[in-house]
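Below is one structure, written out as structure tokens; the observations come after it.
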Amino acid sequence: MSVDSKTVKKIASLARIAMTDAEVEAMVPEFNGILGWVEQLGEVDVTGVEPMTAVIPNSLRLREDVVTDGNIRDHVLANAPAAEHGFFGVPKVIE
Amino acid sequence: MTESTYRIQGATGEWEVVIGLEVHAQVTSNAKLFSGAATAFGAEPNAQVSLVDAAMPGMLPVPNKECIRQAVRTGMAIGAQINRWSRFDRKNYFYADLPQGYQISQLYHPLVGEGAVEISLDEKNPDAQTKTIGIERIHVEQDAGKLMHDQHPTMSYVDLNRSGVALMEIVSRPDMRSPAEAGAYLKKLRTILRYVGSCDGNMEEGSMRADVNVSVRKPGDEFGTRTETKNVNSVRYVMAAIEHEANRQVDVLESGGTIVQETRLYDPDRNETRSMRSKEDAHDYRYFPDPDLLPLELDDAFLDECKASLPELPDAKRKRYETELGLSAYNAAVLTAEAETARWFEGLLAECAKAQGKPEAEVAKAAANWLLSELYGALNRLGKTIDDSPVSQAAGAELIALVADGTISGTIAKQVFEIMLETGEPAGKIVEERGLKQTSDTGAIDAAIAKVLADNADKVEQYKGGKEALFGFFVGQTMKAMQGKGNPQLVNAQLKKALSE
Amino acid sequence: MTDLTDLGVADIRNGVRAGTFSAREVATAFNANVAEAKALNAFLIDTPEHALAAADAIDAKRAAGEELPIMAGVPIGMKDLFCTVGVEARAASEILNGFKPTYESTVSQKLWDAGCGMLGKLNMDQFAMGSSNETSAFGNVISPWRRNDGGNAPLAPGGSSGGSSAAISARLCPAATGTDTGGSIRQPAAFTGISGIKPTYGRCSRWGVIAFASSLDQAGPMARDVRDCAIMLEAMSGFDPKDSTSLDLPVPNWEAGLSSNLKGKRVGIPKEYRMDGMNAEIAAIWDKGAEWLRDAGAEIVEVSLPHTRYALPAYYIIAPAEASSNLARYDGVRYGQRNLPDGAGLQDMYAATRAAGFGPEVKRRIMIGTYVLSAGFYDAYYTQAQKVRALIARDFAQVWEHCDVLLAPTAPSAAFGLGENSDDPIAMYLNDVFAVPASLAGLPAMSVPGGLDSQGLPLGLQIIGKPLDEQGVLNAGLAIEERAGFTARPGKWW
């Protein structure tokens with residue numbers, strides 16, 4: 001599969017990374033190089049193989065339903081670029 | 001099973017509406033799905049947020065057992081397949097209310113598989129028109145935070161208190177064919193969730209909201225293209241949104257247009273749905289298994305506990321009230337529609353059986369009638385719910401017993417109940433102190449009758465002349481003369497005797 | 001008096017316990033080395049006060065007659081991927097500029113509890129994506145090693161834990177934390193002539209460690225020798241209920257279990273690792289390693305891991321896919337850098353912030369990861385890669401029926417010059433060809449120095465073990481260490 005600049009643009013938009021046209025053009029051959037290389041995986045016969053879920057046998061533990069956290073608003077907001085009145089601030093969103 | 005006859009009359013003929021609902025129900029739990037922060041409603045902004053909920057670097061999710069348990073119990077309550085092996089997946093998209101940049105949900109391997117909910121379309125006669133709505137799946141996922149747009153001229157504010165709260169997404173099959181069916185389904189689902197205790201069903205606080213999938217087709221045709229109207233938060237709005245959206249789609253199709261598969265928003269103020277174009281480009285969610293979490297595997301002990309802790313469910317309870325307690329289908333349906341009402345009624349029933357020394361089946365009808373007429377009437381007047389009823393079950397049972405053993409008449413019972421509500425005193429004491437006991441002394445009754453008949457000689461003539469409807473008048477006058485305390489059966493009998501002389 | 005900075009973890013701890021020197025003296029000596037090694041650019045942030053405070057606490061404990069913990073008085077370097085309270089944690093990326101965690105990672109907390117202090121935060125490849133430390137937003141780390149050709153060309157310290165490897169080999173710290181997603185502990189250790197172990201996935205908690213690829217990331221120790229690695233691994237390991245993938249197992253006393261007697265052990269030589277065009281010096285050191293292990297009593301057997309060649313491409317689907325999602329949280333809303341162009345909306349702010357904040361390699365991997373997860377491609381890439389991963393793990397499981405540990409080279413070459421591989425991403429990725437299979441299977445694996453190549457640069461040997469058998473890995477490493485007699489160290493030029 002070969003990707004073009006339109007696809008790279010679409011992926012950049014999905015990934016929320018602004019890219020200039022020049023950056024997009026530069027990435028197209030890189031992208032194709034890497035994808036062409038990983039596509040050799042298609043050769044492997046995986047009939048009847050389940051995708052890996054846990055590398056080391058282990059089961060998901062469940063915690064008890066107890067409130068053990070929260071009430072740390074100062075910590076939560078400590079690093080925020082724009083915190084006001086206990087909220088995080090973002091550019092106005094029109095829904 | 002009943003076929004819906006709901007149709008939209010278009011210019012080109014009749015259209016059938018096809019509806020599926022995705023209900024998001026907040027799981028009742030103390031702490032969030034993957035963090036130990038509290039879930040209570042109405043806290044200060046960002047007060048109920050852990051570092052995990054704020055997606056700080058290096059933070060990891062650990063699932064809350066109770067949330068899993070409640071989703072499993074809900075699945076069991078709708079007879080669904082419970083998947084012993086399920087997984088959490090990440091749904092990736094960027095939005096300010098989604099700190100991780102992904103929502104942890106379950107796409108590929110949900111916790112609960114197929115089940116069904118039976119709905120009744122006639123409230124007066126719940127067995128007459130029923131329909132089974134298929135449930136495709138129930139999965140567990142994180143709720144998002146909340147954005148506020150009106151606090152600042154150029155900024156929106158983000159509150160993450162809801163971020164990470166556990167939701168069950170209950171996905172129905174496209175089995176509904178009218179707004180009424182969708183409304184009945186939503187109400188029934190709410191009833192089941194509240195019985196199970198897995199969700200408080202409080203739509204005003206956002207504990208339950210629905211994404212409404214609607215399409216239209218000519219009867220017999222293939223399904224049409226559907227739209228999804230997001231986050232509708234009341235039964236009434238769901239029904240209105242369906243009606244509006246179905247009509248809009250018919251208009252579009254009949255004017256030669258096509259329906260675009262899209263996300264829409266219902267505006268209750270204008271009663272319309274409109275396209276949410278802001279979400280359109282975000283449809284590639286790149287789901288994949290969350291590598292921070294292992295597969296969720298449930299063992300027998302866990303499932304057995306879930307099953308054992310399920311209460312009697314509304315349908316079973318309603319049928320038992322009909323068959324074992326001899327209640328009417330309507331009364332049984334009303335008593336079981338809310339878990340609280342049924343619980344209260346069963347408490348009252350036990351007290352009645354105790355007070356009267358009789359089996360529950362023999363006292364059930366009187367108890368049900370008193371609850372549904374007298375108590376409900378009072379609660380409505382007082383604006384109270386049954387859980388804060390001013391009269392206890394034992395006090396109600398005492399009053400009902402006084403009627404049953406003939407100590408007071410039904411008419412007097414109403415007076416006694418009013419006094420109970422005012423004073424909080426027990427029925428027996430009120431009857432005793434105010435001398436409200438019913439008189440079964442035929443001498444006193446006969447004396448009262450004699451006076452009534454003497455005072456109304458003209459009416460006696462008319463009665464004897466064939467105007468038998470006047471009998472009720474004589475009963476009323478006699479009861480009035482006795483301040484309501486005459487035993488009604490005896491008054492009747494003695495009057496008949498006196499008038500036939 | 002010996003130079004305290006020539007001492008390793010065990011010697012420092014033993015000396016502090018015995019009162020031969022104070023922890024403060026040790027911290028002071030290393031602080032001085034850190035301060036004068038700016039030319040290496042190994043440390044992003046120096047925290048001499050942290051090291052001194054921890055040292056003073058240990059000295060006070062000793063004065064009070066208390067028992068001293070297993071790393072008492074050992075100052076260490078902390079890879080910038082670990083969150084520590086109040087000290088900027090940036091994963092060597094601009095996007096986390098100014099981010100000061102209010103929380104302490106489980107692993108760093110365990111190290112403080114074990115008696116360590118922090119000399120500073122170590123440079124690394126940005127978000128641990130890289131094999132040369134050249135993707136750091138804050139400049140390359142320069143390896144203290146130089147070729148013996150007199151050319152003084154700056155060399156890569158390996159990556160992603162390149163600050164850690166450079167700092168240890170230059171005697172700026174006796175040990176440091178590393179993280180290994182696809183070789184990020186082992187390859188830099190090999191490049192700089194030190195030891196490092198990636199334990200079994202789940203041994204060390206990932207809580208508070210900035211994530212790259214969750215199903216692969218494992219923290220581990222880097223130090224001068226095997227014993228020091230054993231001690232530090234014990235300090236770092238242990239069950240953490242805050243990490244759902246953490247293993248709920250007791251932590252062995254690996255130091256006490258160290259033994260270079262390999263009688264009755266079988267060492268597998270995976271034939272697929274002997275690739276076409278293999279560097280002759282790498283092949284030679286590998287053979288030598290096998291001889292040393294035979295000398296230690298082990299039987300050498302050839303084994304097969306048939307899916308080896310697919311490990312690297314599988315890794316370069318799985319790791320970027322996970323990273324594309326793990327790094328979505330860097331959006332300029334809650335921490336770090338925010339770029340808000342005039343009139344930008346929310347989504348524009350995201351795109352601008354991420355464009356300015358992430359380096360080119362990080363962007364490349366996020367893009368690849370986004371692509372392989374996108375609609376229509378998920379099964380062909382991601383599901384296929386996870387199936388191949390299952391086959392790779394199965395290969396290893398089958399090999400354990402024939403041997404106890406595997407011996408392989410750590411990297412396909414000695415350290416390369418800065419800039420030599422940076423134009424071709426795939427050439428750079430190939431550096432981890434021997435390291436990645438064990439990562440995909442979650443196995444413990446370590447690198448120990450084997451010797452120098454003809455240019456005077458260190459070469460590493462890799463031992464891969466069964467799940468949870470860190471002891472077997474450490475013991476085979478010790479057997480090599482004793483026989484290799486590796487004492488070379490870079491001459492001080494900085």
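Lettering of chains follows the sequences in order, A, B, ..., and the numbering in each one begins at 1.
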> Does any heavy atom of chain B fall under 4.5 Å from the side chain of C:Gln347, the backbone, both, or neither of them?
Replying inline: side chain

> Any idea which of C:Ser215, C:Gly208, C:Ala211, C:Ala321 has the most non-hydrogen atom pairs under 4.5 angstrom with chain B?
Replying inline: C:Gly208

> What part of C:Leu346 gets closer than 4.5 Å to chain B, counting heavy atoms only: side chain, backbone, both or neither?
Replying inline: side chain

> Quick one: what part of B:Tyr102 sits under 4.5 Å from any heavy atom of chain C, side chain, backbone, both or neither?
Replying inline: side chain

>> Is C:Ser105 close to chain B through its backbone or its side chain, or both, or neither, when contacts mean heavy atoms under 4.5 Å?
In response: neither

>> Which one wins on heavy-atom pair count under 4.5 Å against chain B: C:Asn326, C:Val333, C:Asp331?
In response: C:Asn326

> Would you say the ring centroid of C:Tyr382 lies under 6.0 angstrom from that of C:Tyr371?
Replying inline: no

> Can you say whether C:Pro241 sits under 4.5 Å from chain B via the side chain, the backbone, both, or neither, judging by heavy atoms?
Replying inline: backbone

>> Heavy-atom cut-off 4.5 Å, strictly under: side chain, backbone, both or neither for C:Arg354 against chain B?
In response: side chain

> Tell me, side chain or backbone of B:Phe34 under 4.5 Å from chain C's heavy atoms, or both, or neither?
Replying inline: neither

>> For B:His109 and B:Trp85, take the angle between the two ring planes, folded into 0 to 90°, and tell me which bin it lands in: parallel under 30, tilted 30 to 60, perpendicular over 60.
In response: perpendicular

>> Can you tell me how the ring of C:Phe127 sits relative to the ring of C:Tyr330, calling it parallel under 30°, perpendicular over 60° and tilted otherwise?
In response: tilted

> Cation over ring, B:Arg69 on B:Phe302, under 6.0 Å and within 45°?
Replying inline: no

>> Salt bridge check, B:Arg90 against B:Asp290: does any charged N sit closer than 4.0 Å to a carboxylate O?
In response: yes

>> Is C:Leu327 close to chain B through its backbone or its side chain, or both, or neither, when contacts mean heavy atoms under 4.5 Å?
In response: neither

